[in-house]
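Step one of this worksheet: look at the structure below.
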Amino acid sequence: MPDWTHELPPLPVHPNRVLLFIAMEGEAAPLAGRLGLNVRGTPGSAANSIDLVVPGLDPTVGADRIGPAYAAWALTRAIMARRPDIVVNIGTAGGFASQGLGIADLVLARDTMFHDARVALPGFAAIARAHTRLSPSDTELDRLASDLGARVGLASSGSSLDVTTDELAHFARTRTLAKDMELAALAAVCNAERIPLVALKGVTDLVDHHEPAAEAFVRNLKRTCERLAEATVPLLRALRAS
Ligand code: ADE
């Protein structure tokens with residue numbers, strides 16, 4: 001029996017409408033430049049049947065609306081408006097040096113979950129963790145990973161940039177490769193709407209390193225987003241050809 005609770009629909013054949021979800025405008029900028037898309041605000045813009053959804057800046061705080069709540073909000077709105085054939089999440093993540101990852105390395109998500117959801121009630125624990133297998137099969141993941149130079153594995157989500165000691169033990173036990181703040185929320189929405197989902201993460205900081213994640217994140221953001229943008233072009237080509 002698989003250890004995840006939900007399985008998303010398989011990759012569609014020749015998807016027409018692709019919805020790209022990127023959490024931060026700064027993450028989206030290099031890719032939007034390459035694809036000729038507009039990064040500003042929700043609901044995003046369309047070109048060649050690729051829609052870009054970025055939750056946008058909060059007008060009070062002036063910062064990107066990061067995290068699971070805004071990810072679910074923006075993706076739900078976009079799905080209702082555009083009924084995509086597939087959702088593709090591109091974004092940054094913390095990576096794990098103990099799993100052989102380094103800065104700007106890429107991870108294709110096989111599965112995702114909320115690692116900080118603790119609910120000691122049967123049924124509700126599984127709902128809160130939302131452990132979900134993404135759409136590409138193992139064969140498709142291996143092919144894409146070798147094309148892109150990416151690793152394949154668990155990309156786990158939470159509401160925090162930093163990490164607790166308990167979470168570090170959990171990540172080691174589950175051999176987590178990447179840690180972000182949106183993917184499990186996107187997977188929960190895609191599961192509820194039965195829409196296929198693929199995710200590519202780029203490493204900006206190493207979760208199991210003594211340097212604070214925030215410092216490494218800021219220093220490596222541009223380099224990692226360039227690498228992500230470079231890899232997303234062939235990823236989209238492969239997905240649309242499959
Ligand atoms: N995005 C980039 N780095 C991250 C980290 N360490 N945790 C969560 N989200 C991230």
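Order of appearance sets the numbers: ligands from 1, and atoms from 1 within every ligand. Along the sequence shown, the residues carry numbers beginning at 1.
One option in Ala93, Ala155, Gly67, Gly202 has a heavy atom closer to atom 1 (N) of ligand 1 than any other, and that option is Ala93.
Ion pairing between Arg151 and Asp105 fails under the 4.0 Å rule for side-chain N and carboxylate O. Ion pairing between a basic and an acidic side chain is recognised when a charged N comes within 4.0 Å of a carboxylate O; Glu226 and Arg223 show no such pairing. A salt bridge is defined here as a Lys NZ or Arg NE, NH1 or NH2 lying under 4.0 Å from an Asp or Glu carboxylate O, and Arg65 with Glu182 fails to meet this definition.
Of all the heavy atoms of Thr204, the ones lying under 4.0 Å from any atom of ligand 1 belong exclusively to the side chain.
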Audit row: Asp208, Ser98, side-chain hydrogen bond (donor to acceptor under 3.5 Å, both in side chains) steps and yes/no: CA-CA 7 Å; Asp208 48 357; Ser98 54; 2.7 Å; yes

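Looking at atom 4 (C) of ligand 1, its nearest protein heavy atom turns out to be Gly94 N, 3.2 Å. The protein non-hydrogen atom at the shortest distance from atom 7 (N) of ligand 1 is Lys179 NZ, 2.7 Å. From the protein, the heavy atom lying nearest to atom 3 (N) of ligand 1 is Asp205 OD1, 2.6 Å.
Between His115 and Phe171, the ring planes lie perpendicular to each other; the angle is over 60°, past the 30° to 60° tilted range.
If you number the atoms of ligand 1 from 1 as listed, the ones under 4.0 Å from a heavy atom of Asp180 come out as 8 (C), 9 (N). For ligand 1 and Thr92, the ligand atoms under 4.0 Å from any heavy atom of the residue are 1 (N), 2 (C). Taking every non-hydrogen atom of Phe217 and a distance limit under 4.0 Å, the qualifying atoms of ligand 1 come out as 2 (C).
Here the OG-CD distance, from Ser156 to Glu167, works out to 8.5 Å after rounding to the nearest 0.5 Å. The line from CZ of Arg133 to CG of Leu154 is 11.5 Å long, rounded to the nearest 0.5 Å.
For a threshold of 3.5 Å applied to N or O pairs, the pair formed by Ala213 and ligand 1 contains no separation below that value.
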